[in-house]
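As structure tokens, the structure follows; a few thoughts come after it.
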Amino acid sequence: MSRVMRLSGLEPLLIGDDSLFVNVGERTNVTGSKAFARLILADDFAGAVEVARQQVAAGAQIIDVNMDEAMLDSKAAMVRFLNVVATEPDIARVPVMIDSSKWEVIEAGLKCVQGKPIVNSISLKEGEAPFLEQAALVRRYGAAVVVMAFDETGQADTFERKTAICKRSYDLLVERVGFPPEDIVFDPNAFAIATGIEEHANYAVDFIEATRWIRANLPHAKVSGGISNVSFSFRGNDPVREAIHTVFLYHAIRAGLTMGIVNAGQLGVYSELDPELRERVEDVVLNRRPDATERLVAFAETVKAQGKVAVEDLAWRSGTVEERLSHALVKGITTYIVDDTEEARLQYARPIQVIEGPLMAGMDVVGDLFGAGKMFLPQVVKSARVMKQAVGHLIPFIEAEKAASGVVGKPKGTIVVGTVKGDVHDIGKNIVGVVLQCNNFEVIDLGVMVPAQKILDVARERNVDLVGLSGLITPSLEEMAHVAREMRRLGMRQPLLIGGATTSRVHTAVKIAPQFDGVTVYVPDASRAVGVASSLLSDELKDAYVAEVAADYEKIRHQHAGKKGPKLVTLAAARANALATDWRAYAPPAPRMTGRREFRNVDIGELVGLIDWGPFFQAWELSGPFPAILDDPVVGEAARNVYAEGRAMLERIVGERWLTANAVMAIWPARAAGDDVEIFTDDAATPSLVWRNLRQQNERPPGKPNYCLADFVAPAASGRDDWVGGFAVTAGLGIERKLAEFEAAKDDYNAIMLKALADRLAETLAEWLHRKVRRELWGYVPDETLDAAALIREEYRGIRPAPGYPACPDHSVKAPLFAALRAEEIGMTLTESMAMLPAAAVSGFYFSHPQARYFAVGRIGEDQLADYAARAGVPLEDARRRLAPNLG
């Protein structure tokens, strides 16, 4: 049975008996890279970090860090470099191999490295006592270890010596130290071949065969090697060295080599090597003929070094200006767009003809590919960026012409869009706007938190063709219905488009469309926006489309009216079926701290390895689980591209400090009082915050309770002390400045990317803080060791429900929560509809109960509505508006 070596930086690296070869980047080693050594000796640690970044970008899954240089304070250099690397998330995500011949340097590195590293190396060269002592310390530090095939008589150079030393070391480590065998890596010593010395001719074969023997005879142990050592005889001839590495690795990996220290950016593909070069190198590596070295040396003279430089294919630049503009739009290339647009302007009689001609022709291609599923949203937004820059270049000329003649081109239609009052989320709205602009619609984007009066005033003043409303939080649904009623009152006839995360076709048909005499259409995502808008503004298509939507919505309303839905029980019956906890047998864990604590300027780099990337792709309308989506046969290429660009922007967010992340949390004494949770934020005898919760009221299967969040808190009658926590976090402070820069550059793509990443970072910050609460601040699971994947799967004990989500659908509790947390002190506020500012934010409560779980309250009855209104002290109609989504 395979036993897995678990290494980690910010992200885990699992290496089992059957894992693929692991690249260990060699260039952060002063003994193996002159360039790296020069940077370290010159105290240019920023430049040295870039070497590490290049190694990771080139495919290194571990970086080997070695500071053994005579002119260096190796210990200080190791500590400094590892500390600097720890602040670079794109590097720190991979594990570190702490490499030194000096134990004090290794131990210094072990004390400051994050995650689980691997030590390179220990050996028997000084005897068993030091070997066992160092191995025990490595195990105590929680690291894996590389063991050199080196004993009291020297380095092993033959198959017999290599295997004997590895066997002896393995037995000592496993039997005397109790070292996990899966965390042992043997280095059987890769020596230079093709030196002209006969005794060296079999070095590669001995290494390969020793690898095969170790994997067969030392259970779960791994094998590593310094690959560049093999080709040392050909230093200065990079093509031959690369070929030697490639051939050597090909055979060593087949024999069981687990990992190797190699320049990840300079490996060839075995099958793609020049056949003659491969044959001569293989003769040397496998020691197949006595004249192998001489033949390779002779052939090497004919091989000229050719650097691997990526060359941009500029064949498309030879086409007509129309072809170039179309290519740039489809491929999202901005490099030449201003020059090509200017060339087109000089060829056409009027600047507007460039837009109406080649630019719109190119966008038609984009639209066709998007509609056919051959392009995806990230690519379309990049195309829009190209289009905007082209149009931006033409606008001064168009305005000048308009001023002179009053004549200008006409768009397909004009739409005013806005995120409704109280709501601050606009990623989806922005994407819809971009896609419509790509298709020659004029979009008047009013932004976020737009009052109904402003939307309608602009719609009438500008005589728009369409009105679009967007919203994310549930109170926005009622605001959209209000806008629809106002449009009816004012006699407006423009079609009303509805979109956003909380909206739906059913809700639009049942709750919004009946409020308006005109046409109301639900737009589920950006890919449908153009089709909807085009149909509504087409003389030929409009009547049939409107009739189709009306018939569909009437059918939905009829089905909804006759829909029984889940059978509800009375509130009394639901409460009688509450979760039962034997409070005599269960004592809630007392927190290590109570009261409030702030976390300002949280290191965003520390969050990167915990990001759940799934919702990031959903924001770009790419569907599929991460990381499988990267290899999806349909959306994989688009997903890989947007992921790479997201990671690149994330690097800039961290390195250039684009965003500030702040958090506040508190743990307070609490008790359940029926379905309420009473929270004591001070020493008063009466609760300072009463959280009114809702209970599942649908009929439950036998043995399944009707949950309410209050069930997870000890009631006063239990005699038990209990606590709940509260939190508010944001990763969006400072975002406005960068968004303004992108807006000025007409760069919607990067603006949307930044908002999507800020949302991910806010959610990750909430996860980071919750983990800190569980392990340290409340401390009810101090030994929790879940990796990032387990955190994403929510395998931890306890929950952090957020107001507005299924278990806690009432947003109104945010106001007293924010007041108790003093959230404004970390830069967070609420709108009148309880949306959080900045938009990249999360807030909620903490529960520690081992049975606490997420659930959906679902539909509630009129009896629970009345009960809630009475408990909350609000008029029944106010309660009805708050809880409208739960009333069916």
Side-chain angles (χ1 to χ4, degrees), residues 7-10 13 23-56 60-123 125-126 130-131 133-148 150 183 185 187 224 226 228-229 259-264 603 605-606:
L7 304 177
S8 69
L10 293 175
L13 175 63
N23 287 315
V24 182
E26 70 170 356
R27 309 308 290 173
T28 47
N29 183 325
V30 295
T31 67
S33 169
K34 290 182 180 179
F36 183 75
R38 280 195 299 270
L39 292 168
I40 295 294
L41 289 167
D43 203 40
D44 184 1
F45 277 73
V49 165
E50 289 307 307
V51 174
R53 196 188 316 279
Q54 292 162 11
Q55 287 285 278
V56 175
Q61 294 150 283
I62 300 171
I63 55 169
D64 177 80
V65 180
N66 184 302
M67 297 292 176
D68 288 358
E69 214 284 340
M71 299 303 294
L72 274 178
D73 179 343
S74 301
K75 181 178 175 181
M78 176 67 77
V79 170
R80 182 179 174 189
F81 184 74
L82 292 180
N83 284 335
V84 173
V85 163
T87 68
E88 302 288 337
D90 55 337
I91 306 170
R93 67 183 180 84
V94 304
V96 171
M97 179 177 282
I98 304 171
D99 187 352
S100 179
S101 60
K102 305 170 186 175
W103 174 252
E104 64 171 3
V105 175
I106 288 174
E107 190 164 22
L110 285 169
K111 289 178 179 178
C112 66
V113 74
Q114 60 190 343
K116 180 179 178 179
I118 184 167
V119 164
N120 186 9
S121 61
I122 64 173
S123 73
K125 65 180 179 180
E126 295 178 5
F131 176 74
E133 180 184 354
Q134 291 171 2
L137 285 169
V138 171
R139 188 183 180 208
R140 187 180 304 169
Y141 280 113
V145 68
V146 174
V147 180
M148 297 294 294
F150 202 136
D183 282 352
V185 183
D187 185 339
S224 179
S228 60
N229 295 342
M259 61 184 69
I261 302 173
V262 63
N263 185 347
D603 181 3
E606 192 175 339

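Hydrogens, waters and symmetry mates are skipped; everything else that's a heavy atom, side chains included, is used.
Each ring pair (Phe, Tyr, Trp, His ring centres under 6.0 Å) pair with one or both residues in residues 64-90, not counting sequence neighbours, appears once here: F36-F81. Residue pairs that meet the side chain to side chain donor-acceptor pair (under 3.5 Å) test with at least one member in residues 83-92, sequence neighbours left out, are R53-E88, R53-D90.
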Report task. Check the pair I106, Q134 against side-chain contact (heavy atoms from CB on, under 4.5 Å), reporting the backbone distance first and the verdict last. Result -> CA-CA 10 Å; I106 288 174; Q134 291 171 2; over 6 Å; no
Report task. List the steps and the verdict of side-chain contact (heavy atoms from CB on, under 4.5 Å) for V145 and V147. Result -> CA-CA 6 Å; V145 68; V147 180; 4.2 Å; yes
Query raised in the report: What's the verdict on side-chain contact (heavy atoms from CB on, under 4.5 Å) for V94 and Q61, showing C-alpha distance, side-chain angles and the deciding distance?
Result: CA-CA 6 Å; V94 304; Q61 294 150 283; 5.7 Å; no
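Partners of S121 according to the side chain to side chain contact (heavy atoms under 4.5 Å, CB included) rule, which considers only residues two or more places apart in sequence or in another chain, are V146, M148. Residues that satisfy the side chain to side chain contact (heavy atoms under 4.5 Å, CB included) test with E107, not counting sequence neighbours, are W103, K111, L137, Y141. The salt bridge (Lys or Arg N to Asp or Glu O under 4.0 Å) test applied to K116 returns D183, not counting sequence neighbours. Under the salt bridge (Lys or Arg N to Asp or Glu O under 4.0 Å) criterion, D43 pairs with R80, not counting sequence neighbours. For S123, the side chain to side chain donor-acceptor pair (under 3.5 Å) test picks out no residue, with sequence neighbours left out. In this structure E69 satisfies the side chain to side chain contact (heavy atoms under 4.5 Å, CB included) test together with V30, L41, M71, L72, sequence neighbours excluded. By the side chain to side chain donor-acceptor pair (under 3.5 Å) test, N29 pairs with T31, D64, sequence neighbours left out. By the side chain to side chain donor-acceptor pair (under 3.5 Å) test, Q114 pairs with no residue at all, sequence neighbours left out. Remark: A35 pairs with S33, R38 by the side chain to side chain contact (heavy atoms under 4.5 Å, CB included) rule, at least two apart or across chains. In terms of the side chain to side chain donor-acceptor pair (under 3.5 Å) criterion, residue partners of S228 (sequence neighbours excluded) are, by chain and number, E26.
Residue I63 holds its CD1 atom at 11.5 Å from CG of D99, rounded to the nearest 0.5 Å. A distance of 11.5 Å separates NZ in K102 from NZ in K75, rounded to the nearest 0.5 Å. With rounding to the nearest 0.5 Å, the separation of CE in M259 from CG in L13 is 7.5 Å.
Closest of all the heavy-atom pairs between P117 and L7 is O-CD2, 3.8 Å. Counting all heavy atoms, side chain and backbone alike, V185 lies closest to S224 at CG1-CB, 3.5 Å. Nearest heavy atoms, M78 versus V65: CE-O, 3.3 Å. Here the closest non-hydrogen pair linking L39 and V51 is CD1-CG2, 3.7 Å. Across S101 and D68, no two heavy atoms sit closer than the pair N-OD2, 2.7 Å. Taking both residues in full, the closest heavy atoms of L10 and E606 are given as CD2-O, 4.5 Å, listed atom of the first, atom of the second, then distance.
Put simply, the side chain of N120 does not reach to within 4.5 Å of the side chain of I118, judged on heavy atoms. A heavy-atom distance below 4.5 Å is found between the side chains of I261 and V24.
The backbone N or O of A60 sits nowhere less than 3.5 Å from a side-chain atom of Q55 that would complete a donor-acceptor pair. The backbone N or O of M67 lies less than 3.5 Å from a partner atom in the side chain of S74, making a donor-acceptor pair.
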